[in-house]
Amino acid sequence: MDTEQKITEQKSKRRAKYLLIADALKQAIKQGQVVPNEALPSARTLATQLNVNRHTIMAAVAELVAQGWVETKERSGYRVVEKLPIQTSQAVSNTTAKHPVFEWQFRHKNTTALVPTKGASAYKYNFSGGQPDNRLFPFNEFKHYFSQLCQHPQFTHLGYDNNVGETDLITQVSTYLRRVRSITDKEIMICNGSQEGLYMVSKLLLQAGDKVAVEQFGYPPAWAAFKSSGAELVVIEQDNKGIVPKHLAAQLAQGNIKLIYLTPLHQYPTTVTLDASRRMQIYQLAAQYGVAIIEDDYDHEFHYDSQPIAPMAADDPLGLVIYISTFSKLMFGGARIGYVVANNALITALTAYKTLMNHKSNVLMQQAVAKWMQQGGFESHLRRMTRCYHKRRDFLVNLLRDYQQQGLPITFDCPAGGMALWVDMGVSIVGLKQTLLTKDVYLQTEVEFNLITGQDKSQYRFIRVGFASMSEVEITQGMKIIVQELYG
Ligand SMILES: Cc1ncc(COP(=O)(O)O)c(C=O)c1O
């Protein structure tokens with residue numbers, strides 16, 4: 001053993017010894033062998049009694065002082081403190097004995113309902129409408145960007161500054177939005193997925209008593225974000241072409257609506273694409289009443305029958321549209337990269353607000369995505385996935401048509417894009433979801449998206465069948481279980 005090793009060993013032995021002595025003294029105090037205010041024997045006495053070095057005793061006593069068991073008084077050596085830490089905890093446990101469970105008063109109780117105990121992807125057949133096929137993500141390609149970034153870290157980017165997002169990623173997103181979605185002249189903030197964007201916008205624009213116009217069928221996490229600011233949701237009618245502008249006009253006339261929340265490209269959950277004429281009418285109404293529009297464009301690229309209609313944010317002369325989008329469908333939900341696109345004032349306010357929540361988004365992930373976009377891998381992946389989901393949509397449509405021909409009362413419109421079909425099963429689907437979960441099938445049903453509660457649920461017949469995350473074989477097997485469950 002070399003000298004250095006010996007010294008380290010001796011040190012650790014000594015350390016162990018003083019801690020053992022501190023524990024023994026603490027035990028003696030707890031058991032009342034030494035009482036509050038009583039002076040401890042001198043270090044020399046203890047050292048002789050315990051046959052240890054005086055310094056070891058001094059270290060043990062210092063430890064007890066640090067833990068609050070012993071104090072030092074001028075010229076009177078060390079004494080046990082008057083109020084022992086143990087007395088406080090005993091007092092607390094006496095109280096809790098009378099009231100066994102202490103209950104916090106949470107302000108946002110109902111949000112816990114949004115956290116699934118078991119995520120959709122844990123099921124063998126995952127018909128969740130919002131899930132890409134994570135198995136097809138090019139991890140091998142993507143890891144190179146992470147690896148490069150770790151080999152050559154940009155130290156000046158790794159701190160707490162610049163929480164609007166990594167400049168490289170903002171540049172890439174901005175170029176992409178201009179080229180592919182015709183959005184220009186707005187500023188971008190990167191956030192941890194759309195949900196964070198929705199939440200922050202709610203916090204900045206809404207307060208108790210405000211109203212948010214939403215469709216009857218919609219995206220509950222967005223509703224929850226609005227409600228968390230005290231806002232009330234106003235249901236706007238929708239038909240088979242989407243939100244009904246006439247009804248929106250009537251509700252706006254009643255006052256206090258501060259926001260309109262829309263998913264115009266693929267209405268969530270019904271998948272309908274809002275046509276240009278309705279978009280125009282809604283925009284004019286928003287302008288007339290000075291109301292902001294949140295445009296949640298969550299799966300823009302996955303449009304199959306034509307080029308996707310440009311977002312409302314692409315034609316927004318008055319700056320009314322707050323555009324929110326995400327990489328969750330283009331990559332995977334856990335990537336947690338989304339962005340808010342709006343005017344300078346809102347982006348500045350959001351950036352300041354974000355500091356309250358979590359300072360900034362993951363820098364390495366942002367930089368890796370920026371490099372992936374810059375090198376062209378991102379768009380190749382999009383093209384691959386759009387082709388794949390297009391095929392899967394057609395496959396599911398044909399499968400359902402086969403079932404129709406076999407006489408099942410299924411009806412649906414083939415959506416122009418998206419990752420799911422909204423299907424009327426022709427019979428009540430109440431209880432279907434729970435039964436399917438026991439058969440390893442995850443499926444969302446009408447009940448989960450309907451803002452109007454208290455209706456006769458036996459009338460519910462719609463399911464949202466996601467087709468993106470499964471192969472054709474899996475879709476076939478999973479659908480067979482659903483059909484068997486409903487029609488026997
Ligand atoms: C309507 C809607 N908005 C946004 C998102 C994406 O949310 P995030 O970016 O927080 O993952 C989803 C995903 O399911 C969605 O369906």
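Just follow the structure's listing: the first ligand is 1, and inside any ligand the first atom is 1. What you see below is based on every heavy atom in this structure, not just the backbone, and it leaves out hydrogens, waters and symmetry mates.
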[atom]: which protein heavy atom is closest, and how many Å away?
atom                    : value
atom 5 (C) of ligand 1  : Tyr219 OH, 3.4 Å
atom 3 (N) of ligand 1  : Asp296 OD2, 2.6 Å
atom 6 (C) of ligand 1  : Ser194 OG, 3.8 Å
atom 13 (C) of ligand 1 : Lys329 NZ, 2.5 Å

**Message:** How about CG on Asp394, more than 12 heavy atoms from neighbouring residues, nucleotides or ligands closer than 6.0 Å, or not?
**Reply:**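 Above 12, so yes.
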**Asked** Between the candidates Ser328, Gly418, Gly193, which shows the shortest non-hydrogen contact distance to atom 11 (O) of ligand 1?
**Response**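 Shortest heavy-atom distance from atom 11 (O) of ligand 1: Ser328.
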**Request:** May I ask which of His266, Arg336, Met419, Glu196 has a heavy atom nearer to atom 10 (O) of ligand 1 than the others do?
**Result:**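 Among His266, Arg336, Met419, Glu196, the closest heavy atom to atom 10 (O) of ligand 1 belongs to Arg336.
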**Request:** Would you tell me whether Tyr268 and Asp296 have side-chain atoms, one donor and one acceptor, within less than 3.5 Å of each other?
**Result:**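 Looking only at side-chain atoms, Asp296 and Tyr268 do not form any donor-acceptor pair under 3.5 Å.
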**Message:** Between Lys433 and Val447 (side chain of the first, backbone of the second, donor and acceptor by atom type, cut-off under 3.5 Å), is there such a pair?
**Reply:**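 No, Lys433 side chain to Val447 backbone: no donor-acceptor pair under 3.5 Å.
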**Asked** Any N/O of Tyr298 closer than 3.5 Å to an N/O of ligand 1?
**Response**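 It does not: no N or O of Tyr298 is found under 3.5 Å from an N or O of ligand 1.
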**Asked** ligand 1 and Tyr261, any nitrogen or oxygen pair closer than 3.5 angstrom?
**Response**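 No, there is no polar N/O contact under 3.5 Å.
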**Message:** Centroid separation under 6.0 Å, is that true for the rings of Phe137 and Trp372?
**Reply:**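 Yes, close enough.
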**Message:** Centroid separation under 6.0 Å, is that true for the rings of His266 and Phe302?
**Reply:**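 Ring centres of His266 and Phe302 not closer than 6.0 Å.
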**Asked** Among Leu169, Asn362, Leu149, whose side chain to side chain contact (heavy atoms under 4.5 Å, CB included) with Gln367 holds?
**Response**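 Going through the options one by one, the only one that passes is Leu149.
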**Asked** Should you measure from each heavy atom of Gln195, which atoms of ligand 1 turn up under 4.0 Å away?
**Response**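 Here the atoms of ligand 1 in question are 10 (O).
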**Message:** Please identify which of these residues, Lys480, Arg135, Arg392, meets the salt bridge (Lys or Arg N to Asp or Glu O under 4.0 Å) condition with Glu474.
**Reply:**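 Testing Glu474 for a salt bridge (Lys or Arg N to Asp or Glu O under 4.0 Å) against Lys480, Arg135, Arg392 leaves exactly one candidate, Arg135.
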